[in-house]
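Before any comments, here is the structure.
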Amino acid sequence: MNTGPDMDRDQALALLRWYAEVGVDEAVTTDPVDRFAIQPQPVAPQAVAPPSAVPVLPPVQKAVVAPAPIAHDSEVRAAAAAANTHDELITAIHAFDGCPLKRMATTTCIFDGNPQARIMVIGEAPGGEEDRQGKPFVGPAGQLLDKMLAAIGLDRSTVYITNTLYWRPPGNRTPTPEEIALCLPFLERQVALIAPAVLLYTGGTAAKAMLNRSEGITRLRGRWFSLERNGREPIPAMAMFHPAYLLRRPELKRDAWRDLLAIRAKIDELQIQTGATRQGS
Ligand code: URA
């Protein structure tokens, strides 16, 4: 493929599509750089070695970028445990540099909604729009999540929304088990400090991480699980399809609606104040 300055529109679009497919979908600086306009530095003329001379190899270049530090589990646990309030935890997560994803993210995207809410939603990871705004579920999947919540009388004043990760995986790839395990102590502390009465896991990544199960979301969704906590009331938890998945598979919205009705019934059973009762009742 011609990738030079004289490439035509179709070639430029094909190149952009290829970039997007391999996950290069973000500019890494705020201002564009016209690399074609940057003149290559003139190379000093080399002395021509006599044919008999032993060739001298250039020194091996050392990597200039140091590998991203990976925090130890104990370090993350200590940082999470030291937070006694939600505000302190948010500060600790912002200060945490041990997750390599942070280097590529624009923002640290921790939560949206109401920290006093009794219902907590846990998604997968920030996408492009979330990364720009620093708030979970504000892109197309978030708009569908808002509609799903509204259908059972909930909104961002009555739920607290977060993700298993606080930094966007490049190209929106699925988070690795290592990335999830690294951030899990923060998420567990978030659950402990918010102390919700009902937990909703949207999508397989959140469900598997929180339930410590290996089945896919199709098997996990629509069932009540219980999040056990040391010496405290267990929290009822339901897994459901991720709104981004429902956007791709609209025929599954019927199952999602059943799950939403079960969630509303649980909210009513627990007499959680949400400013609304079950629709139609
Ligand atoms: N998908 C998620 O799981 N979380 C977000 O915040 C956005 C999209």
Side-chain angles (χ1 to χ4, degrees), residues 20 23 25-26 86 89-90 93-94 96 99 101-102 104-115 117 119-151 154-184 186-188 190-191 194 196 198-213 216-218 220-222 237-250 252-253 255-256 259-260 263:
D25 61 352
E26 290 286 314
H86 181 255
L89 182 62
I90 300 304
I93 298 171
H94 275 292
F96 180 65
C99 180
L101 291 174
K102 186 172 183 181
M104 290 166 279
T106 311
T107 61
T108 296
C109 169
I110 309 179
F111 80 99
D112 196 22
N114 181 355
I119 299 142
M120 179 166 179
V121 177
I122 302 178
E124 183 175 306
E129 197 50 40
E130 289 76 17
D131 182 45
R132 274 184 281 280
Q133 294 191 33
K135 279 187 198 171
F137 281 104
V138 288
Q143 284 154 25
L144 180 56
L145 178 66
D146 284 341
K147 288 186 189 153
M148 291 161 68
L149 295 173
L154 303 176
D155 60 23
R156 291 184 189 228
S157 71
T158 47
V159 300
Y160 175 93
I161 304 176
T162 190
N163 281 311
T164 57
L165 291 182
Y166 310 108
W167 300 280
R168 180 196 186 204
N172 294 344
R173 65 161 168 75
T174 305
T176 64
E178 292 76 20
E179 288 161 352
I180 293 173
L182 182 70
C183 295
L184 196 58
F186 283 131
L187 180 58
E188 288 173 346
Q190 244 176 318
V191 174
I194 297 296
V198 175
L199 268 164
L200 305 181
Y201 308 137
T202 59
T205 301
K208 284 191 256 182
M210 291 302 288
L211 297 168
N212 199 17
R213 313 261 305 214
I217 188 65
T218 307
L220 294 175
R221 63 149 277 273
M238 159 101 53
M240 55 187 305
F241 286 129
H242 194 287
Y245 190 51
L246 292 173
L247 287 172
R248 295 195 298 274
R249 301 276 312 270
L252 297 177
K253 285 184 182 173
D255 291 328
D259 299 346
L260 287 167
I263 292 159

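Counting starts at 1 for both ligands and their atoms, following the listed order.
For the residue pair E124 and T164, no side-chain donor N or O sits within less than 3.5 Å of a side-chain acceptor on the partner. A donor and an acceptor atom, one from each side chain of H242 and Y201, are nowhere located under 3.5 Å apart. T106 and D131 share a side-chain donor-acceptor pair at under 3.5 Å.
Under the rule for a side chain to side chain contact (heavy atoms under 4.5 Å, CB included), the partners of E188 that lie at least two apart in sequence or sit in another chain are R77, L184. Scanning for side-chain hydrogen bond (donor to acceptor under 3.5 Å, both in side chains) contacts around R213 gives E215, with sequence neighbours left out. For Q143, there are no side-chain hydrogen bond (donor to acceptor under 3.5 Å, both in side chains) partners two or more places apart in sequence or in a different chain.
Protein neighbours of ligand 1 below 4.0 Å, counting non-hydrogen atoms: G123, E124, A125, E130, P136, F137, N163, H242.
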